[in-house]
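A, B, ... follow the sequence lines: proteins, then strands. Residue 1 opens every chain. Values in this document were obtained by computation on a predicted structure and should not be read as measured data. Quick note: numbers below take in every heavy atom, side chains included, and nothing from hydrogens, waters or symmetry partners.
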Number of protein chains: 2
Amino acid sequence: MTKSLDDGGVAGISSCAVAVDVAAMAIQDGRLTLLLTEPDDASQAGRWSLPGRRVRDDESLDATALRALSELIGTEEPAVLLEQLRTYGEPARDPRARVVSIAYLALAARPLVPSASRRTTVVAASEAAAWSTDRFAYDHAAIVPDALERLRAKLEYTSLATALLEQPFTLGELRTVYEAVWDVELDPANFRRKVVSTPGFVRAAAGTAPSGPTGGRPARRYHSGGATRLHPAMLRDR
Amino acid sequence: MTKSLDDGGVAGISSCAVAVDVAAMAIQDGRLTLLLTEPDDASQAGRWSLPGRRVRDDESLDATALRALSELIGTEEPAVLLEQLRTYGEPARDPRARVVSIAYLALAARPLVPSASRRTTVVAASEAAAWSTDRFAYDHAAIVPDALERLRAKLEYTSLATALLEQPFTLGELRTVYEAVWDVELDPANFRRKVVSTPGFVRAAAGTAPSGPTGGRPARRYHSGGATRLHPAMLRDR
DNA sequence: TAAATAGTGTCTCTTAGACAGTATATG
DNA sequence: CATATACTGTCTAAGAGACACTATTTA
């Protein structure tokens with residue numbers, strides 16, 4: 001197929017295997033979690049990897065990412081937001097062959113469920129990002145911190161946090177997303193004011209959510225607003 | 001080479017050609033410019049493309065990007081900052097074959113010089129980003145606006161602007177970068193205060209730069225500070 | 001009742017922007 | 001001298017954070 005490309009016959013240029021790896025994250029019990037799986041590759045035994053698949057001939061990269069995820073967990077499309085992270089292509093990143101991998105960030109609105117058939121696990125994202133390199137297969141020890149940092153940064157200036165919640169949601173739930181991802185405590189009053197005053201971030205929905213088991217006033221429900229970029233941003237201090 | 005991968009024999013999966021395309025930008029006469037070239041591919045005659053090269057077997061993606069650039073203009077390494085933009089991999093983006101392309105953003109400290117031998121041109125980045133699709137080869141009409149928007153966004157929260165200047169520079173020059181990229185006018189006094197008060201953005205250098213032909217007090221020189229991310233950010237209003 | 005969560009009001013401190021004023025160059 | 005650019009000072013308005021206070025639930 002690639003032989004029609006004019007430099008197909010040049011020495012030192014052949015085709016690479018192209019794969020997609022997905023860093024799938026969700027909120028569970030107030031913590032940000034990451035889905036990991038055991039790679040099929042025997043040379044990587046005892047290590048964890050991000051779910052990955054090779055790109056098929058007729059398939060877009062986004063479609064490969066969705067397939068990598070849905071073959072592992074039964075995730076349907078609307079519950080997951082996929083966003084390209086970056087591409088990893090060091091020549092030796094896979095010992096078997098040259099594999100260029102496009103990494104994706106996937107944000108699920110519901111907790112990730114490890115599948116019984118495939119060997120998968122769900123771990124705290126911040127812990128996995130700090131694991132030593134040899135607990136991961138390939139170069140996935142580099143991808144995981146990149147994914148976490150990208151998510152942390154994007155929460156500031158985009159409405160991405162709403163992708164980690166089912167709709168409608170309360171502002172308390174939205175605040176727990178920020179607290180879980182940034183690992184901070186936020187003032188509920190100031191958080192609310194900031195969210196509501198940022199145009200297009202959320203819009204009020206009908207009704208209220210019931211109180212939790214510890215009581216408390218029922219919270220109003222909100223939907224995501226139309227905005228993807230937030231102005232002003234939800235800045236975290238440092 | 002890829003036959004050692006376990007799904008090499010699966011139907012619908014073969015290797016893709018992998019290429020790198022570079023959106024190289026620089027400041028020239030107070031405007032942000034973009035380097036374009038005519039593709040070798042005859043099927044794309046009459047269209048402009050970003051400089052691109054296929055990735056060699058033993059070559060990192062960054063190295064390919066640098067090669068794509070330096071084969072076209074005589075750019076040496078320290079004068080150019082390369083940053084991965086995103087990867088474009090729609091199955092039909094290249095009519096000849098499946099080509100997955102990793103796009104890079106390249107920021108040059110000096111104006112880009114079109115080479116005489118290869119057919120290249122330098123255009124205003126904002127104009128190219130608005131060109132109709134058929135003036136570009138492949139899907140490069142999508143890459144150019146992405147690159148411009150990425151640069152505009154990154155000027156806010158990173159020190160990337162200094163990559164578009166030779167060191168040392170004056171704060172007037174740095175302001176010109178922001179004005180060119182964002183297409184706004186900034187108050188010199190407030191800009192200065194913001195830059196100087198942002199930790200790690202710039203550090204004072206020795207001496208002053210001579211006045212321009214229109215006079216004016218000589219400006220102090222500055223170098224880039226160590227910071228890559230800016231806190232607080234240089235926010236543009238909207 | 002107390003405790004918990006939602007939501008409002010208000011004060012203070014910081015910062016961004018407008019813009020006046022000073023410093024030092026060219027012509 | 002006028003003009004241009006660099007740089008400083010200062011006022012004002014908006015926003016962020018701290019935190020008191022009210023509202024509505026569970027136990």
* **Spacing between Tyr222(A) atom OH and dA6(C) atom P, to the nearest angstrom** => 11 Å

* Asked: Can you name the salt bridge (Lys or Arg N to Asp or Glu O under 4.0 Å) partners of Arg150(B), sequence neighbours left out?
  -> Glu83(B)

* To do: Please check if the side chain of Arg221(A) supplies one atom and the backbone of Thr170(A) the other of a donor-acceptor pair under 3.5 Å.
  => no

* Structure fact -> Reading nucleotides 8-17 of chain C from 5' to 3' and marking B where a protein heavy atom lies under 4.0 Å of the base, S where only the sugar-phosphate is that close, and - otherwise, the string is BBB------B

* Asked: Knowing that exactly one of Val22(B), Val123(B), Thr121(B), Leu112(B) qualifies, which makes a side-chain contact (heavy atoms from CB on, under 4.5 Å) with Leu35(B)?
  -> Leu112(B)

* Does anything in residues 203-213 of chain A reach DNA chain D, meaning a heavy atom under 4.0 Å, and if so which residues? -> Ser211(A), Gly212(A), Pro213(A)

Counting only pairs under 3.5 Å, give me each side-chain donor-acceptor contact of residues 157-169 of chain A, with atom names and distances, residues two or more places apart or in other chains.
{"residue": "Thr158(A)", "atom": "OG1", "partner": "Lys154(A)", "partner atom": "O", "Å": "2.5"}
{"residue": "Thr158(A)", "atom": "OG1", "partner": "Leu160(A)", "partner atom": "N", "Å": "3.2"}
{"residue": "Ser159(A)", "atom": "OG", "partner": "Ala227(A)", "partner atom": "O", "Å": "2.8"}
{"residue": "Thr162(A)", "atom": "OG1", "partner": "Ser159(A)", "partner atom": "O", "Å": "2.8"}
{"residue": "Thr162(A)", "atom": "OG1", "partner": "Ser224(A)", "partner atom": "OG", "Å": "3.1"}
{"residue": "Gln167(A)", "atom": "OE1", "partner": "Ser224(A)", "partner atom": "N", "Å": "3.0"}
{"residue": "Gln167(A)", "atom": "NE2", "partner": "Ser224(A)", "partner atom": "OG", "Å": "2.7"}

* Structure fact -> With sequence neighbours left out, the residues meeting side-chain hydrogen bond (donor to acceptor under 3.5 Å, both in side chains) with Thr33(B) are none

* Any sub-3.5 Å donor-acceptor pair from Tyr178(B)'s side-chain atoms to Leu155(B)'s backbone N or O? -> yes

* **chain A footprint on DNA chain D, 5' to 3' - any atom under 4.0 Å from a heavy atom** => dA16(D) to dA27(D)

* Asked: Which side chain to side chain donor-acceptor pair (under 3.5 Å) pairs, counting each pair once, include a residue from residues 122-148 of chain A, with sequence neighbours left out?
  -> Asp21(A)-His140(A), Asp41(A)-Tyr138(A), Tyr88(A)-Asp146(A), Arg93(A)-Asp139(A), Arg96(A)-Tyr138(A), Ser132(A)-Asp134(A)

* Let me know the distance between CG of Leu174(A) and P of dA6(C), rounded to the nearest Å. => 12 Å

* Structure fact -> Within residues 159-168 of chain B, the residues having a heavy atom closer than 4.0 Å to DNA chain C are none

* Structure fact -> By salt bridge (Lys or Arg N to Asp or Glu O under 4.0 Å), Glu71(B) pairs with (sequence neighbours left out) Arg53(B), Arg67(B)

* To do: To the nearest 0.5 Å, tell me how far Asp183(B) CG sits from Leu32(B) CG.
  => 10.5 Å

* Structure fact -> Taken in chain and number order and not counting sequence neighbours, the residues that satisfy salt bridge (Lys or Arg N to Asp or Glu O under 4.0 Å) with Arg175(B) are Glu179(B)

* Got a sec, which residues hit salt bridge (Lys or Arg N to Asp or Glu O under 4.0 Å) with Arg119(B), two or more places apart in sequence or on another chain? -> Glu38(B)

* Thr37(B) side chain to Thr120(B) main-chain N or O, any donor-acceptor pair under 3.5 Å? -> no

* **From CD (Glu173(A)) to OH (Tyr222(A)), nearest 0.5 Å** => 12.5 Å

* **From CZ (Phe191(B)) to CG (Leu171(B)), nearest 0.5 Å** => 7.0 Å

Polar atom pairs between nucleotides 1-3 of chain C and protein, under 3.5 Å, N or O only, would you list them?
none

* Mind checking the CZ-CZ spacing from Arg217(B) to Arg220(B)? Nearest 0.5 Å is all I need. => 7.0 Å

